[in-house]
There are 2 protein chains.
Amino acid sequence: MTTLAEVALRAGVTPATVSNVLRKRGKVGAATRQRVLDAVEFLGYRPHLTARALAEGSAPTLALMVTSIANPFYPEFALAAERAARKNGRFLIVCNTNEDPVISRAYLDQIAGTLSEGVLVMNSRIGFDDLHTTRARGTPVVLCMWERPDVSPGLPCVAVDFFAAGALAAQHLLDLGHTRIGAIIGSQPEGVQAARYAGFCHTLKAAGVAHPAQEARFTRDAVQGGYEAACELLTEHTDLTAIFATNDLPALGAMHAAADRGMRIPDDLSVIGITDIQLARESRPGLSTVAVPTDAAATMAVELLEALIESGGHCETPMRIAPEPVLVQRASTGRVRS
Amino acid sequence: MTTLAEVALRAGVTPATVSNVLRKRGKVGAATRQRVLDAVEFLGYRPHLTARALAEGSAPTLALMVTSIANPFYPEFALAAERAARKNGRFLIVCNTNEDPVISRAYLDQIAGTLSEGVLVMNSRIGFDDLHTTRARGTPVVLCMWERPDVSPGLPCVAVDFFAAGALAAQHLLDLGHTRIGAIIGSQPEGVQAARYAGFCHTLKAAGVAHPAQEARFTRDAVQGGYEAACELLTEHTDLTAIFATNDLPALGAMHAAADRGMRIPDDLSVIGITDIQLARESRPGLSTVAVPTDAAATMAVELLEALIESGGHCETPMRIAPEPVLVQRASTGRVRS
DNA sequence: CTGAAAGCGCTAACAA
DNA sequence: TTGTTAGCGCTTTCAG
């Protein structure tokens with residue numbers, strides 16, 4: 001390993017000078033600079049990021065906490081986040097919490113403020129208390145994809161209007177003439193996806209369309225969860241002409257359930273989800289969905305986190321609002337059959 | 001931020017002693033230990049990983065280089081790799097190279113040996129030269145999922161017998177009575193997926209089944225690539241009863257192509273892929289495929305990398321062989337229709 | 001414009 | 001059993 005000192009030696013200067021030319025700080029004579037550069041080149045010197053981090057007091061890394069990177073939604077977010085982080089020379093550490101609060105806490109304890117300068121948290125089971133503790137210790141935390149722009153989580157966050165997303169989905173179904181619409185919610189009633197469902201209900205109600213509680217199912221945010229919920233719904237309420245799911249995964253499950261029952265999509269049943277993950281684009285038929293600005297939100301989250309880092313975390317728990325969700329109509333929704 | 005020194009002060013000992021009780025190294029009196037622990041507790045002390053890394057000469061992180069974490073195959077691998085790394089207290093930094101050699105090099109230059117102790121590389125466009133350079137500089141590198149157990153890449157690696165995977169897929173199709181089988185290869189003829197195709201060809205040949213070159217297509221390793229290739233194949237060779245794809249993504253694309261042409265799967269066309277990504281399990285019909293031991297390979301790769309790190313990288317470029325691929329029959333393959 | 005020196009927080013011999 | 005003493009490699013005042 002080549003060190004600064006070795007470069008300095010070879011260039012006939014001191015480490016301080018080498019540091020200066022490398023960081024483009026301070027004034028260095030052209031001749032000296034060239035000698036230094038030559039030495040760097042010759043020795044193949046690469047700065048030791050850990051040493052630099054220690055000296056500077058902060059590491060060039062950000063932590064991204066997700067429940068599991070294998071959840072199809074997160075990789076897209078992670079990719080965008082990493083790209084944004086790289087812009088300012090930062091690296092991304094992924095932390096799979098696996099829904100386990102103990103693991104989450106361990107991550108926060110170990111990483112926050114030492115190995116990483118800041119933490120990005122995806123909607124997850126991580127307790128707000130833990131996050132506040134982390135923050136109190138001086139490490140900025142940003143909640144990514146907060147679902148309710150109208151309510152502050154008490155932590156810096158990037159909010160996406162998921163209420164609007166639910167409303168958009170409902171409106172689309174309404175526009176197609178559906179009035180018997182089942183709902184599959186990928187969380188518990190008061191869970192993280194509640195706002196999406198609220199938006200859906202709100203729109204239905206405003207249109208005077210009934211939506212009895214029995215036509216809704218709360219389940220896991222997964223294909224299988226949606227599958228099971230849809231089976232129940234389609235069995236118990238044979239007059240349903242459409243299914244709204246608060247997320248693409250359960251929506252996909254609903255499509256499978258319909259297919260297994262010999263129903264054609266969208267002729268016999270329309271299905272719509274929320275998010276627009278890659279799978280939605282690549283399923284057959286393509287899943288109509290309300291696209292959420294994943295990339296933009298990731299970029300904004302990183303930028304917000306970086307701003308907090310620069311400013312020492314001192315800011316009025318701001319909320320940045322991501323662009324509005326937009327309807328993406330594919331082949332899984334169609335006009336209701338008379 | 002609380003430091004070791006502060007803890008020491010409060011416990012009335014020296015930093016060295018605190019370090020000893022925390023690392024469970026050396027002998028420390030029970031009373032002293034307790035006082036230290038109390039102080040740690042009271043002050044909420046957390047070791048500064050960066051400082052530790054610098055002092056120890058190595059960081060508790062591993063880098064995982066992939067072309068894009070959004071490629072559906074990588075997240076599953078990344079998850080397993082992270083789990084394995086965590087076992088020994090290491091963190092995972094994901095590096096999306098985006099197929100760009102410049103980015104890859106930049107990562108290697110910056111991270112290897114400074115921010116991370118070792119590098120995991122997924123099959124990608126990263127030049128072997130760069131990897132050797134990294135290794136020569138003292139940072140262990142492990143190639144994950146090397147496709148040819150019979151040929152050493154000249155770098156430590158975990159190999160998966162993809163030739164066998166291709167052979168297995170072919171045999172399955174043969175067993176079902178297919179003799180007119182199109183092939184879609186998700187890389188160039190000499191590319192990374194060549195071994196899979198070779199295994200396929202080998203088995204067909206051994207069975208005396210003809211497979212003319214016109215019935216193979218080399219394309220991108222993506223759904224769309226497979227879709228386009230399948231369209232060509234099905235148009236030009238209407239007597240094909242099955243399609244083998246070297247990866248699940250193009251296989252899925254082939255299924256879509258068939259569906260778009262009104263062909264039923266598996267009645268009119270059988271389709272099989274390789275890997276068994278989550279999408280394969282969740283597509284309709286479920287994709288028959290040859291499952292590759294992703295988790296095992298990830299774990300082995302991390303273990304190998306850690307072994308190299310411990311040993312200072314001095315070992316005879318060993319190759320660890322992952323478990324054999326296994327056939328997973330789902331609904332996309334069936335007996336050929338007479 | 002360049003050098004000298006202190007120190008980031010921790011670990012690791014070696015003493016005591 | 002505990003303390004002392006050096007650094008790890010880099011940045012950063014502050015002198016010269």
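Proteins come first, then strands; the chains are lettered A, B, ... in the order of their sequence lines, and each starts at number 1. Being a predicted model, the structure only gives us computed values, none of them experimental.
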Please tabulate the protein-to-nucleotide N/O contacts below 3.5 Å involving nucleotides 14-16 of chain D, giving atom names and distances.
none

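- We find that CZ of B:R23 is positioned 19 Å from P of D:dT1, with the value rounded to whole Å.
- Following rounding to the nearest Å, A:L115 (CG) and C:dG9 (P) show an atom-to-atom distance of 15 Å.
- The residues A:R105 and A:D129 are annotated as not salt-bridged, no charged nitrogen and carboxylate oxygen being separated by less than 4.0 angstrom.
- Between A:F77 and A:F73, the ring planes are tilted. Angles from 30° to 60° get that label.
- At the heavy-atom level, A:S19 lies under 4.0 Å from base atoms of the strands shown.
- Checked for salt-bridge contact, A:D130 and A:R135 miss the test: no charged N lies under 4.0 Å from a carboxylate O.
- Under 3.5 Å, the side chains of A:E117 and A:S58 contain a donor-acceptor pair of N or O atoms.
- Ion pairing between A:K87 and A:E306 fails under the 4.0 Å rule for side-chain N and carboxylate O.
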- Item | A:E6/A:Y45 under side chain to side chain contact (heavy atoms under 4.5 Å, CB included): CA gap, chis, key distance, verdict | CA-CA 9 Å; A:E6 299 178 281; A:Y45 168 78; over 6 Å; no

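- A:L22 places its CG atom 13 Å from the C1' atom of D:dG9, with the value rounded to the nearest Å.
- Note: B:D38 CG to B:R10 CZ = 8.5 Å, rounded to the nearest 0.5 Å.
- The shortest heavy-atom contact between A:P47 and A:R52 is CB-NH2, 3.4 Å.
- Both tests hold for B:R86 against B:F91: distance to the six-membered ring centre under 6.0 Å, angle to the ring axis within 45°.
- Taking every heavy atom of both residues into account, A:P72 and A:I277 meet most closely at CB-CD1, 4.3 Å.
- For CZ of B:F42, the number of neighbouring non-hydrogen atoms (other residues, nucleotides, ligands) closer than 6.0 Å is 12 at most.
- Straight-line distance from the CG atom of A:L4 to the P atom of D:dG7: 18 Å, rounded to whole Å.
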Identify all pairs in which a protein N or O lies below 3.5 Å from an N or O of nucleotides 3-5 of chain C, and state each distance.
{"residue": "C:dG3", "atom": "OP2", "partner": "A:T14", "partner atom": "N", "Å": "3.1"}
{"residue": "C:dG3", "atom": "OP2", "partner": "A:T17", "partner atom": "OG1", "Å": "3.0"}

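- Residues of residues 42-63 of chain B that place a heavy atom closer than 4.0 Å to DNA chain D, in numerical order, are B:L54, B:A55.
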